[in-house]
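To start, the structure under review is shown below, and the notes come after it.
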Protein chains: 2
Amino acid sequence: MVRMNGQIGAALAVSTVIFALRPDLESGFSTLWLPLVRRTREPYLDQWALPGGGLPTDEELAGAAARTLRETTGLTPKYLEQLYTFGDPGRSPGGRVVSVVYWALVESDEAALAVVDKNVQWFSADHLPPLAFDHNRIVEYALWRLRTKVEYSRIAHAFLGETFTLAQLREVHEAVLQKALDPANFRRTIESSGTVVDTGQRVAGVPHRPPRLYRYNDSVHAVDSGALEPAIG
Amino acid sequence: MVRMNGQIGAALAVSTVIFALRPDLESGFSTLWLPLVRRTREPYLDQWALPGGGLPTDEELAGAAARTLRETTGLTPKYLEQLYTFGDPGRSPGGRVVSVVYWALVESDEAALAVVDKNVQWFSADHLPPLAFDHNRIVEYALWRLRTKVEYSRIAHAFLGETFTLAQLREVHEAVLQKALDPANFRRTIESSGTVVDTGQRVAGVPHRPPRLYRYNDSVHAVDSGALEPAIG
DNA sequence: GCAAAAGTGTTTAAACTACACCCATGC
DNA sequence: GCATGGGTGTAGTTTAAACACTTTTGC
């Protein structure tokens with residue numbers, strides 16, 4: 001925490017809730033995971049917390065979020081958006097901290113390779129231990145936002161690579177929404193939305209009809225944030 | 001602006017976009033208006049800006065928003081929600097300022113009585129002059145949020161008094177969305193949503209069939225912000 | 001051929017839209 | 001009665017859900 005002696009007595013920090021899909025070893029289905037860092041000083045010494053830190057003087061807010069994400073996980077976010085600013089006096093013992101919180105989505109394949117050590121670990125988003133500060137509440141809100149937004153916006157592809165099958169995209173939706181979706185209806189909904197483009201390629205070597213590969217259609221604008229563009233790292 | 005000498009070189013401010021409905025004198029229809037304050041110092045001396053100010057040490061963010069709203073207009077918001085935090089370096093000449101921006105709705109009847117003087121005036125939300133800082137962009141985003149949210153959430157009543165007719169509620173929707181709505185379909189949509197309750201009373205003295213008076217149904221929870229409650233002043 | 005997932009077609013229900021029409025009041 | 005907005009009825013259209021069925025691959 002940074003001490004200040006101006007008349008405005010709040011420190012400014014930026015934190016990020018980072019989501020990736022990882023296969024649950026028990027069920028075999030993909031579920032939401034997020035990386036947390038162990039605190040190395042008081043308050044909340046040794047407890048898990050969201051990656052983040054103080055805001056440097058000349059760094060953009062989204063830039064600070066992308067940087068802490070890269071520093072803790074080694075990953076680059078495919079989607080990054082401001083979540084909310086938490087600033088209750090008393091949310092941090094020892095001095096007021098106002099935290100601008102971002103949420104990010106990272107590609108699943110890459111996430112599997114991400115940094116893990118004694119002080120950085122991935123946790124299942126729906127089964128978190130008690131976290132430092134009000135971070136449990138923050139993750140809950142980020143989860144709500146992700147689950148709401150995946151239904152009306154075009155963010156699910158951020159969990160996937162350059163090309164993907166509709167089955168993969170459907171699995172992302174199913175993992176996020178925690179419910180099964182009808183493959184036939186899902187296909188029609190996505191196709192009519194114009195969010196994806198057929199690459200003409202197909203996946204070979206599968207023991208069934210080879211699925212088409214699609215690509216994200218970035219010529220269609222997402223109608224989700226009005227005048228503000230969601231930052232993309 | 002506040003000068004600081006800590007290693008974190010950003011000042012924290014809270015601003016509010018305050019919306020009210022006012023009849024347009026030319027067309028006779030209600031339109032969206034908002035109060036702005038004239039800047040009394042550099043930068044942007046004498047230009048119009050959103051009401052706001054630095055964040056006091058022990059005041060909540062929403063509390064600071066409600067206070068500046070009250071101080072500039074004398075009004076109490078019926079709806080108050082965090083909009084976004086703007087923090088680009090360079091958005092304020094003379095030193096970095098991170099602004100946590102709220103948006104508020106105030107009752108139309110009261111708004112007509114609100115403070116107006118040389119340094120506080122109301123402007124039509126869709127015809128603003130060039131404002132100080134990045135405030136034009138902020139208002140645009142707030143307008144987008146209001147217009148999006150009024151369609152799926154239950155906030156329109158915040159422009160009205162304790163009781164209201166469905167025609168009044170429809171006029172709010174029409175003013176915000178800037179398009180006419182079918183009275184018959186509007187009635188059915190609202191009634192089936194359970195957002196309003198019939199008070200049993202009717203409006204007397206009108207030269208046509210007397211309309212029923214409704215009240216906002218606060219027992220039905222709005223599904224709009226997940227874990228976070230929108231603050232209400 | 002068989003299993004498995006890709007992909008298509010069809011049926012039904014629900015939601016939204018447009019608009020015709022009747023009702024209750026002041027003048 | 002007439003004008004005016006309140007309020008109801010209903011038909012057509014669009015959207016979403018459920019599910020049967022056909023297609024194409026590996027083995």
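Numbers restart at 1 for each chain; the letters A, B, ... are given by sequence-line order, proteins then strands. No hydrogens, no waters, no symmetry mates; every other heavy atom, side chains included, goes into these values.
The residues B:R215 and B:E162 are annotated as salt-bridged, a charged nitrogen and a carboxylate oxygen being separated by less than 4.0 angstrom. Salt bridge status for A:K78 with A:D109: absent, with no side-chain N to carboxylate O gap under 4.0 Å. The pair B:E59-B:R67 meets the salt-bridge criterion, with a side-chain N (NZ, NE, NH1 or NH2) lying under 4.0 Å from an Asp/Glu carboxylate O.
With rounding to whole Å, B:R202 atom CZ is found 9 Å from D:dG6 atom C1'. What separates CG of B:D198 from C1' of D:dG6 is a distance of 13 Å, to the nearest Å. The separation between B:L213 atom CG and D:dG5 atom P is 18 Å, rounded to whole Å. Between the CD atom of A:E174 and the C1' atom of C:dA5 there is a distance of 13 Å, rounded to whole Å. As a whole-Å value, the separation of B:L169 CG from D:dG6 P is 12 Å. Put simply, CD on B:E191 is 10 Å from C1' on D:dT8, counting in whole angstrom units. Rounded to whole Å, the distance from CZ on B:F186 to C1' on D:dG6 is 14 Å. Distance CD (B:E151) to P (C:dC16): 11 Å, rounded to an integer number of Å.
Under 4.0 angstrom from either OP1 or OP2 of C:dA4 there lies no side-chain N or O belonging to A:R209. A sub-4.0 Å separation between OP1 or OP2 of D:dG7 and a side-chain N or O of B:R212 is present.
For A:N185, taking side-chain heavy atoms from C-beta onward, the closest of the listed nucleotides C:dG7, D:dA18, C:dT25 is D:dA18. Distances from the side chain of B:A184 to the nucleotides D:dG7, C:dA6, C:dC19 place C:dC19 closest. Checking C:dG26, D:dC19, C:dC19 against every side-chain atom of B:D182, the shortest atom distance belongs to C:dC19. Between C:dA24, D:dT24, C:dA5, one nucleotide has an atom nearer to the side chain of A:H208 than all others, and that is C:dA5.
Relative orientation of the A:H135 and A:F133 rings is tilted, given thresholds of 30° and 60° on the angle between their planes.
Residue B:R187 is the one, among A:V206 and B:R187, whose nearest nucleotide of DNA chain D lies closer to the 5' end (criterion: closest heavy atom).
Nucleic acid contact for B:R188: base, since at least one base atom lies under 4.0 Å from a heavy atom of the residue. Across all strands, A:A204 comes closer than 4.0 Å to no nucleic acid atom at all (heavy-atom distances).
Taking all atoms of both residues into account, the shortest heavy-atom contact from A:A111 to A:L75 is CA-CD1, 3.9 Å.
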